[in-house]
*Asks:* 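Provided herewith is a single structure, encoded as structure tokens, for subsequent inquiry.
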Amino acid sequence: MNLPPLHRATSLGLLAALGLGGVAGCSPADSAPRTAEVRKSAPDVSPAPSGTASATSASTSTSTDIGWIQLMTPMNQQAVKLLTLAAERAAEPRVRAFADRLRTGHEAELNRLRPLLTRMGLPLTDVHAGHDMPGMVTEQNLEAAHAAEGPALDRLVLARIRDHLRQSAQVSRSEITAGGRADARELARALVTAREGFLAELERLPGAVRALG
């Protein structure tokens, strides 16, 4: 399925705003006009009347909202694949238990992200497929995990999931501060809180010091 140009541009525009350039297959020369398109295409937001809680209603989607959800959804989907493997095969019982709980949390988030995509009129397809996105668990990561065993698998999982948690928290903080939808910002806040807790726990797991440096 071909992605509408605006949806692709908004996702890349958010990444550019966060300083997350270097997407494979997207040169710096390509990103500038796309970012400009986002700025022109994003809906106008009128200031909220005095005393209102938000400048925009839950139904108003900005380029930040679109970019955030079109990145967070596949990030969670890919992480769930690695976490499923780790919950079954990690050598350390505490790593298996951690992976199982984190997978459950990510699946619950996907149950909120996907309906939000639908409410925003966006496709459920992964618009970043084929690109090496920061923090994304890649197919190469999954292949390496399937081939690894014992402590080597644990170290791979801890390193990749740490990157995923950090990056998805960073992107979600941008949504909190710059997003236009109240429902998207609320979900982003929940994601950041969850990731901060899991990051603190991950760094205390057996093998974390060696895996994370």
Side-chain angles (χ1 to χ4, degrees), residues 7 11 14-15 18 54 57-59 61-62 64-90 92-129 133-139 141-142 145-146 153-154 156-205 208:
H7 296 161
S11 298
L14 174 60
L15 295 175
L18 290 172
S54 173
S57 70
S59 62
S61 301
T62 67
T64 299
D65 298 318
I66 295 170
W68 171 74
I69 195 167
Q70 287 191 320
L71 180 58
M72 282 305 312
T73 304
M75 284 188 78
N76 266 28
Q77 289 171 168
Q78 288 296 104
V80 164
K81 295 177 184 178
L82 182 58
L83 292 167
T84 298
L85 176 64
E88 297 171 353
R89 291 187 43 217
E92 168 59 48
R94 285 175 57 188
V95 174
R96 290 199 302 271
F98 172 83
D100 188 53
R101 287 188 293 102
L102 185 54
R103 175 185 60 183
T104 299
H106 273 45
E107 288 172 340
E109 291 171 359
L110 284 169
N111 287 336
R112 298 179 67 184
L113 287 163
R114 288 171 178 144
L116 182 54
L117 271 168
T118 300
R119 292 199 299 274
M120 293 169 67
L122 300 172
L124 297 177
T125 52
D126 178 5
V127 305
H128 298 294
M133 309 301 294
M136 185 83 74
V137 174
T138 66
E139 292 304 318
N141 295 153
L142 293 171
H146 279 287
L153 171 60
D154 291 15
L156 186 155
V157 168
L158 291 174
R160 296 288 72 76
I161 292 301
R162 191 269 304 271
D163 290 347
H164 160 75
L165 291 172
R166 283 183 169 179
Q167 194 63 42
S168 56
Q170 178 180 339
V171 174
S172 294
R173 290 187 188 99
S174 178
E175 167 62 23
I176 293 168
T177 58
R181 293 181 63 101
D183 50 359
R185 295 197 309 272
E186 178 185 2
L187 180 52
R189 280 191 289 268
L191 265 62
V192 170
T193 298
R195 274 144 184 71
E196 288 174 345
F198 277 116
L199 275 168
E201 183 178 352
L202 183 150
E203 291 170 0
R204 296 192 298 268
L205 288 173

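Just so you know, these numbers use all the heavy atoms, side chains as well, and skip hydrogens, waters and symmetry mates.
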*Asks:* So that I can tick it off, tell me whether Asp163 and Arg166 are bridged by a salt bridge, with the cut-off set at under 4.0 angstrom between side-chain N and carboxylate O.
*Replies:*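 Looking at Asp163 together with Arg166, the answer is no, because their closest N to O distance does not fall below 4.0 Å.
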*Asks:* Report yes if some heavy atom in the side chain of Gln77 is under 4.5 Å from a heavy atom in the side chain of Arg114; otherwise report no.
*Replies:*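 In contact.
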*Asks:* Let me see the working for Leu82 and His164 under side-chain contact (heavy atoms from CB on, under 4.5 Å), right down to the final yes or no.
*Replies:* CA-CA 11 Å; Leu82 182 58; His164 160 75; over 6 Å; no
*Asks:* Tell me the closest heavy-atom pair linking Ser172 and Ala188, and the distance in Å.
*Replies:*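 For Ser172 versus Ala188, the nearest heavy atoms are O-CB, 3.6 Å.
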*Asks:* In the structure I gave you, are the side-chain heavy atoms of Arg181 and Leu116 within less than 4.5 Å of one another anywhere?
*Replies:*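 Answer yes - side chains close enough.
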*Asks:* Any side-chain heavy-atom pair from Leu191 and Trp68 closer than 4.5 angstrom?
*Replies:*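 Result yes, sub-4.5 Å side-chain heavy-atom pair found.
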*Asks:* Nearest heavy-atom pair of Arg195 and Ser168: which atoms, and what distance?
*Replies:*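 Looking at all heavy atoms of both residues, the shortest contact is NE-OG, 2.6 Å.
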*Asks:* Could you tell me if the side chain of Glu88 sits less than 4.5 Å from the side chain of Thr84, heavy atoms only?
*Replies:*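 Side chain of Thr84 against side chain of Glu88, heavy atoms only: contact under 4.5 Å found.
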*Asks:* Any carboxylate oxygen within less than 4.0 angstrom of a Lys/Arg side-chain nitrogen, looking at Glu139 and Lys81?
*Replies:*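 A salt bridge is present here (some side-chain N lies under 4.0 Å from a carboxylate O).
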*Asks:* Roughly how far, to the nearest 0.5 Å, is CD of Gln78 from CG of Asn141?
*Replies:*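 Interatomic distance, Asn141 CG to Gln78 CD, rounded to 0.5 Å: 9.0 Å.
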*Asks:* Just by distance, do the side chain of Arg112 and the backbone of Ala108 share a donor-acceptor pair under 3.5 Å?
*Replies:*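 No.
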*Asks:* Check whether any side-chain N or O of Ser174 sits under 3.5 Å from a backbone N or O of Gln170 as a donor-acceptor pair, and report yes or no.
*Replies:*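 Absent.
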*Asks:* Give, for atom CE of Met136 and atom CD of Gln167, the distance between the pair rounded to the nearest 0.5 Å.
*Replies:*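 Between atom CE of Met136 and atom CD of Gln167 there are 10.0 Å.
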*Asks:* For the residue pair Leu113 and Ile69, what are the closest heavy atoms and their distance?
*Replies:*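 That closest heavy-atom pairing would be O-CD1, 3.3 Å.
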*Asks:* Roughly how far, to the nearest 0.5 Å, is the CE atom of Met72 from the CG atom of Leu187?
*Replies:*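 Reported value, rounded in 0.5 Å steps: 8.0 Å.
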*Asks:* Any donor and acceptor pair, going by atom type alone, linking the side chain of Arg185 with main-chain N or O of Gly179 inside 3.5 Å?
*Replies:*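 Yes, Arg185 side chain to Gly179 backbone: donor-acceptor pair under 3.5 Å.
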*Asks:* Considering non-hydrogen atoms only, spot the tightest contact between Glu175 and Ala184 and give its length.
*Replies:*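 Looking at all heavy atoms of both residues, the closest pair is OE2-CB, 3.3 Å.
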*Asks:* Taking the side chain as everything from C-beta on, heavy atoms only, tell me whether Arg162 gets closer than 4.5 Å to Leu165.
*Replies:*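 Arg162 does not reach Leu165 side chain to side chain.
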*Asks:* Answer yes or no: is there a side-chain heavy-atom contact under 4.5 Å between Leu85 and Leu142?
*Replies:*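 No, their side chains stay 4.5 Å or more apart.
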*Asks:* Whether the side chain of Asp154 engages the backbone of Glu92 through a donor-acceptor N/O pair (distance < 3.5 Å, no angle test) should be reported.
*Replies:*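 Such a contact is found between Asp154 side chain and Glu92 backbone.
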*Asks:* Answer yes or no: is there a side-chain heavy-atom contact under 4.5 Å between Phe198 and Glu201?
*Replies:*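 When only atoms from C-beta onward are counted, Glu201 and Phe198 do touch, with a gap below 4.5 Å.
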*Asks:* Say whether, by atom type as modelled, one donor and one acceptor occur between the side chain of His106 and the main chain of Leu102 under 3.5 angstrom.
*Replies:*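 Yes, the answer is positive, given that a donor and an acceptor are paired below the 3.5 Å cut-off.
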*Asks:* Do the side chains of Leu71 and His128 get nearer than 4.5 Å, heavy atoms only?
*Replies:*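 Yes - at least one pair of side-chain heavy atoms lies under 4.5 Å apart.
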*Asks:* Scan Thr104, Asn76, Ile161, Asp100 and name whichever one has a side chain to side chain contact (heavy atoms under 4.5 Å, CB included) with Leu83.
*Replies:*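 Looking at Thr104, Asn76, Ile161, Asp100, the match for Leu83 under the side chain to side chain contact (heavy atoms under 4.5 Å, CB included) is Ile161.
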*Asks:* Nearest heavy-atom pair of Pro115 and Leu110: which atoms, and what distance?
*Replies:*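 Looking at all heavy atoms of both residues, the shortest contact is CD-O, 4.0 Å.
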*Asks:* For Ile66 and Ser61, which heavy atoms make the closest approach, and how far apart are they?
*Replies:*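 What the structure gives for the nearest pair is CG1-CB, 4.5 Å.
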*Asks:* Decide yes or no on side-chain contact (heavy atoms from CB on, under 4.5 Å) for Gln70 and Asp126, but give the supporting numbers first.
*Replies:* CA-CA 7 Å; Gln70 287 191 320; Asp126 178 5; over 6 Å; no
*Asks:* Rounded to the nearest 0.5 Å, how far does CG of Leu205 lie from CZ of Phe98?
*Replies:*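 Going from CZ on Phe98 over to CG on Leu205, the span is 5.5 Å.
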